[in-house]
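Quick note: numbers below take in every heavy atom, side chains included, and nothing from hydrogens, waters or symmetry partners. Just so it is clear, the model here is predicted, and its values are computed rather than measured.
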Amino acid sequence: MNKFKIGNYFTIYNITTGFVIAILSSLFIYLEYVNFTYFFINTIIGLMAIYWLLWANRMIWFWSGWFIGLLWFWWISLSFIHYEMPIFIPLVIISIALIYGITFLILFKIAHFFTNRLEISEIYGKALILFLFSYIHPIEFDWFKPELMFTNSYLGIEKWQFAIILSALALTQIKKNIIFLTLLILAYPFITPFTLQKLENIKLISTYTTIEDKWNEQKQPTHMKAVFNEINLAIAQKKEVIVFPESVFPLFINLQPQLMDALKKLSKDITIVAGALYWEPVQNIPRNSAFIFKNGDVMVAHKVLLVPFGEQNPLPNFMSKWVNEFFFDGAKDYIASSNISDYEINGTKYRNAICFEATSERLYENSPKTMIAMSNNGWFVPSIEPTLQQILFQYYSKKYGTTIYHSVNMSKSYIVQNGKVIYP
């Protein structure tokens, strides 16, 4: 009975061991953040993190999850600065850490229950949990994937390759023989099944507009002028497509006929892809959308996956209404589209992706060859969020063979092809 006492979780040994595991599990992000990325180092620290998790007990799993949630996702709390509620930042950070700590603990207990019934090593159960973790999304947020640690490493990120990594480390522990580490050779990505495509003649725009300035109506004329200047410059440079970040137009431009007409006119010389808001007049609801102006016409592609709490509240209705009233001045949730949008420009088909959804598995169904993504990272800078976002793009680019053109606000825009980042 003594082992179930809550005090057992708060020993120095359990906390520090969990912290070290979390450091190893997070180091690849922070090294990338300071532009110190070496495949050998990422391979070793990734293997050490997984090995130690397979060895650890339930108390250490709780603290590993706690610190992983903190080290990977502390930046989510920065959005409260822009809502003028910085007092909630510590509470949000602790809540995120607690969610992941409890998630790790519950999954450990599930693994323990089944391996105990099957009378097999608990290590097999923990390996299976880590393998399945990519499909477990606390509060509908799917950025934590254990195999992400190997994105910039000598090991592959496909599920079968991660299964080999887990098997090699599990067998090494169970059999107490390092010979099983040789299985890791099978997880090396010897070939890529994807053919590199010729990069399109696209100009990706990086903007550096703070959240406060973006939504300041007095500064909108200046923002509009900058957008049109970029379009005219791209036309002079003979670009075929110009892509702007998410919500570069911080207004419902379908309710602005003069602005729409001006963009349609320019689209006869260059295709314009820009993020903006869309007001659904019949249902009386807002949408976060991409507007594609081409040959004097316009197509609207609505966002499919909304940011939990930021754009749509995932809580039950009775709680959601209170949260929206308290934190967001009663603002309505955005409405998501039910269908993923693809569009064609000059014979090339592009998958439309707006910020959060571009880092989600669902947007890569049917393995799109090319994607145009737009983001507004102003809510979370300065932080590791743009770095983690980039690593997720690399992960999905490797996994699905997708070339991603990413236009960003408050970060540098880039292209990801076959998992490699290219700065235009």
Nearest heavy-atom neighbours spanning Ala111 and Lys126: CB-N, 4.0 Å

Side-chain touch Lys159/Phe131, heavy atoms, less than 4.5 angstrom: yes

Sidechain N-carboxylate O distance under 4.0 Å for Glu280, Arg287: yes

Test of ring centre spacing under 6.0 Å for Phe10 and Phe62: no

Trace of the side-chain contact (heavy atoms from CB on, under 4.5 Å) decision for Thr151 with Phe28: CA-CA 9 Å; Thr151 302; Phe28 75 103; 5.6 Å; no

Verdict with reasoning, Arg351 to Glu365, per side-chain contact (heavy atoms from CB on, under 4.5 Å): CA-CA 10 Å; Arg351 173 67 48 87; Glu365 65 181 34; 4.3 Å; yes

Approximate separation, where rounding is to 0.5 Å, of Thr17 OG1 and Leu53 CG: 11.5 Å

Output field: ring centroids Trp74/Phe67 closer than 6.0 Å: no

Side-chain donor or acceptor of Asn232 paired with backbone N/O of Phe228 under 3.5 Å: yes

Mutual orientation of the aromatic rings belonging to Tyr400 and Tyr364 [parallel < 30°, tilted 30-60°, perpendicular > 60°]: parallel

Leu27 and Ile41, any side-chain heavy atoms less than 4.5 Å apart: no

Approximate separation, where rounding is to 0.5 Å, of Trp160 CH2 and Ser167 OG: 12.0 Å

Salt-bridge criterion met for Lys145 and Glu361 (N-O under 4.0 Å): yes

Aromatic plane relationship, Phe162 with Phe150 - under 30° parallel, 30 to 60° tilted, over 60° perpendicular: tilted

Donor-acceptor contact present, side-chain Ser407 to main-chain Ile205, <3.5 Å: yes

Donor-acceptor under 3.5 Å (Ser360 side chain, Leu363 main chain): no

Lys/Arg N to Asp/Glu carboxylate O, Lys219 vs Asp213, below 4.0 Å: yes

Polar contact flag, side-chain donor to acceptor under 3.5 angstrom, Ser79-Trp379: no

Donor-acceptor pair, side chain of Asn201 and main chain of Lys238, under 3.5 angstrom: yes

Trp52 and Trp55 aromatic ring geometry - parallel, tilted or perpendicular at 30°/60° bounds: tilted

Distance in Å, Leu259 CG paired with Lys264 NZ, rounded so as to fall on 0.5 Å steps: 11.0 Å

Within-4.5 Å side-chain heavy-atom neighbours: Lys349 and Pro368: no

Cation-aromatic face contact Lys412/Tyr423, 6.0 Å, 45 degrees: yes

Any donor-acceptor N or O pair under 3.5 Å, side chains Gln389, Ser375: yes

Pair Glu32-Thr37, side-chain donor/acceptor within less than 3.5 Å: yes

Verdict with reasoning, Glu200 to Thr370, per side chain to side chain donor-acceptor pair (under 3.5 Å): CA-CA 10 Å; Glu200 304 295 335; Thr370 48; over 6 Å; no

Gap separating the CD1 atom of Ile129 from the CG atom of Leu132, nearest 0.5 angstrom: 6.0 Å

Beyond-backbone contact of Leu148 with Trp72, side-chain heavy atoms, under 4.5 angstrom: yes

Close side-chain approach of Trp215 to His82, heavy-atom, < 4.5 Å: no

Lys398 vs Glu158, salt bridge (Lys or Arg N to Asp or Glu O under 4.0 Å): CA-CA, chis, key distance, verdict: CA-CA 9 Å; Lys398 281 186 173 184; Glu158 296 279 1; over 6 Å; no

Main-chain N/O of His302 paired to Ser289 side chain as donor or acceptor, under 3.5 Å: no

Reported OG-to-CG distance for the pair Ser206 and Asn377, which is rounded to 0.5 angstrom: 10.5 Å

Atom OH of Tyr343 with >12 non-hydrogen neighbours under 6.0 angstrom: yes

Over all atoms of both residues, closest heavy-atom pair of Leu251 and Ala276: O-CB, 4.1 Å

Greater than 12 external heavy atoms within 6.0 Å of Tyr30's OH: yes

Atom CZ of Phe190: over 12 foreign heavy atoms under 6.0 Å: yes

Exam field: side chain Asn14 to backbone Trp63, donor-acceptor pair closer than 3.5 Å: no

Euclidean distance, Ile165 CD1 relative to Ser153 OG, rounded to 0.5 Å: 6.5 Å

Atom CZ of Phe114 with >12 non-hydrogen neighbours under 6.0 angstrom: no

Centroid-centroid under 6.0 Å between Tyr100 and Phe73 rings: yes

Within-4.5 Å side-chain heavy-atom neighbours: Leu155 and Gln161: no

Min side-chain heavy-atom separation Tyr350-Ile292 under 4.5 Å: no

Flag, side chain of Thr43 to backbone of Tyr154, donor-acceptor distance under 3.5 Å: yes

Heavy-atom pair of closest approach, residues Glu385 and Trp143: OE2-CH2, 3.8 Å

Ser383 side chain to Phe380 backbone, donor-acceptor under 3.5 Å: yes

Exceeds 12 heavy-atom contacts within 6.0 angstrom, atom CE of Met260: yes

Parallel, tilted or perpendicular: rings of Phe80 and Tyr83 (30°, 60°): perpendicular

Side chain Ser397, main chain Thr402, donor-acceptor under 3.5 Å: yes

Residue pair Tyr414, Leu204: steps toward the side-chain contact (heavy atoms from CB on, under 4.5 Å) verdict: CA-CA 7 Å; Tyr414 52 85; Leu204 299 174; 5.8 Å; no

Sidechain-backbone polar pair: Ser267 side chain, Gly296 backbone, donor-acceptor under 3.5 Å: yes

Step-by-step side-chain contact (heavy atoms from CB on, under 4.5 Å) determination, Ile60 to Phe104: CA-CA 9 Å; Ile60 294 173; Phe104 268 67; over 6 Å; no

Nearest atoms (heavy-atom pairs only) where Ile270 meets Glu240: CG1-O, 3.4 Å

Residue pair Asn152 / Gln394, side-chain heavy-atom distance below 4.5 Å: yes

